[in-house]
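Taking it in order: structure first as structure tokens, then the write-up.
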Number of protein chains: 2
Amino acid sequence: MRIGEAAAAAALTPRAVRYYEQQGLLEARRTPSGHREYGLSDIRRLRTLRELLEAGLTIADVRSFAHVLDPAPAEGAAAVPPADGAPESCEVRDVSLRRLADLEDRIDALTQLRDRLAAGIADRFGEAFDPAP
Amino acid sequence: MRIGEAAAAAALTPRAVRYYEQQGLLEARRTPSGHREYGLSDIRRLRTLRELLEAGLTIADVRSFAHVLDPAPAEGAAAVPPADGAPESCEVRDVSLRRLADLEDRIDALTQLRDRLAAGIADRFGEAFDPAP
DNA sequence: CTTGAACTTGACGTGGGCGTCAAGTTCTAC
DNA sequence: GTAGAACTTGACGCCCACGTCAAGTTCAAG
């Protein structure tokens, strides 16, 4: 499957897909002639990227989450080659935790707005709203 | 309180505050000489705006939520003057509901990412993480 | 083999959210 | 009154996430 079809399948444009690749959010196999080739896993990835960007994340945000979007390299193999002592691992961990905290702050802010919006709607148009189950 | 102090109190710049006003997110009283005057409620408003924009909303998003950010005009007075029949009220309601749905989609996307990120961290660095209480 | 659609890289254009400089006015302190 | 900080509007600049055009290559159909 080439870029046009893949982009359509993920509700994107070829331009956006190439841009994501250029930004390191994606890698694509190439045919001998140079055309990009995509599979089903790529489409899932593209859809995830679209959702996250539509949700307000930046390319840089998503890039910093990239390792989480990968299929997670099975439990058997060593997740991180123990070639390094610990500092790099710790730093990655710390960055990940900060990112997680940022994300939770964002979710909290949006959730508070959601509640205020729902309350405002209820005030103006009646109380008949499900308080989000 | 003028714009410099107000901006600082909301962790913004005067430039951003003027821009928000120009975009219709805010109104400011003026001194006879033309300087903008702000009060505590304005600062709360500015802080809310900053949080929402940092959370990834656009100016247009926030503008469409503007009526919810207002102090909600007391229960006593008619919320919406019944001068109109219903169509305008219905449209406002529908737009609000669509916005609410959009917001919930965003929250869902971010929450799913949060879960994946937390799972990824747990996989790589150990299981000792609180699953967000 | 030809034609047209789809693909390639490269470069320029665009809108949003400001930063920043410009030129002038007003406030505050001495 | 006068210096300097803070304010005003206006205009240009910048980065991001692409859109869009350009010029050339490759693929699929007839």
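Quick caveat: nothing in here was measured; it's all calculated off a predicted structure. Reminder, nothing fancy here: chain letters follow the sequence lines and each chain counts from 1.
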Is A:Asp102 salt-bridged to B:Arg114, going by a charged N under 4.0 Å from an acidic O? no

Donor-acceptor pair, side chain of A:Arg106 and main chain of A:Ala101, under 3.5 angstrom: no

Would you tell me if any nitrogen or oxygen in the side chain of B:Tyr20 comes within less than 4.0 Å of OP1 or OP2 on C:dG17? no

Please pick, from C:dG17, C:dC27, C:dC7, the nucleotide with the shortest atom-to-atom distance to any side-chain atom of B:Ile59. C:dG17

Check this one for me: any side-chain N or O of A:Ser33 less than 4.0 Å away from OP1 or OP2 of C:dC7? no

Between A:Thr13 and D:dC18, is there a contact of a side-chain N or O with OP1 or OP2 at under 4.0 Å? no

Side-chain donor or acceptor of B:Asp108 paired with backbone N/O of B:Asp105 under 3.5 Å: no

Please pick, from D:dC7, C:dC7, C:dT9, the nucleotide with the shortest atom-to-atom distance to any side-chain atom of B:Ile3. D:dC7

Residue-phosphate contact under 4.0 Å: B:Arg36 side-chain N/O, D:dT8 OP1/OP2: yes

I'd like to know if B:Glu21 and B:Arg36 make a salt bridge, using a cut-off of under 4.0 Å between side-chain N and carboxylate O. yes

Any base atoms under 4.0 Å from A:Thr31, or only sugar-phosphate, or nothing? Heavy atoms, all strands. nothing

Using a 4.0 Å heavy-atom cut-off, does B:Arg18 contact any base of the nucleic acid, only the sugar-phosphate backbone, or nothing at all? base

Assess whether one donor atom and one acceptor atom, taken from the side chain of A:Arg15 and the base of D:dT20, lie less than 3.5 Å apart. yes

So, is A:Tyr19 close to the D:dC18 phosphate, meaning a side-chain N or O under 4.0 Å from OP1 or OP2? no

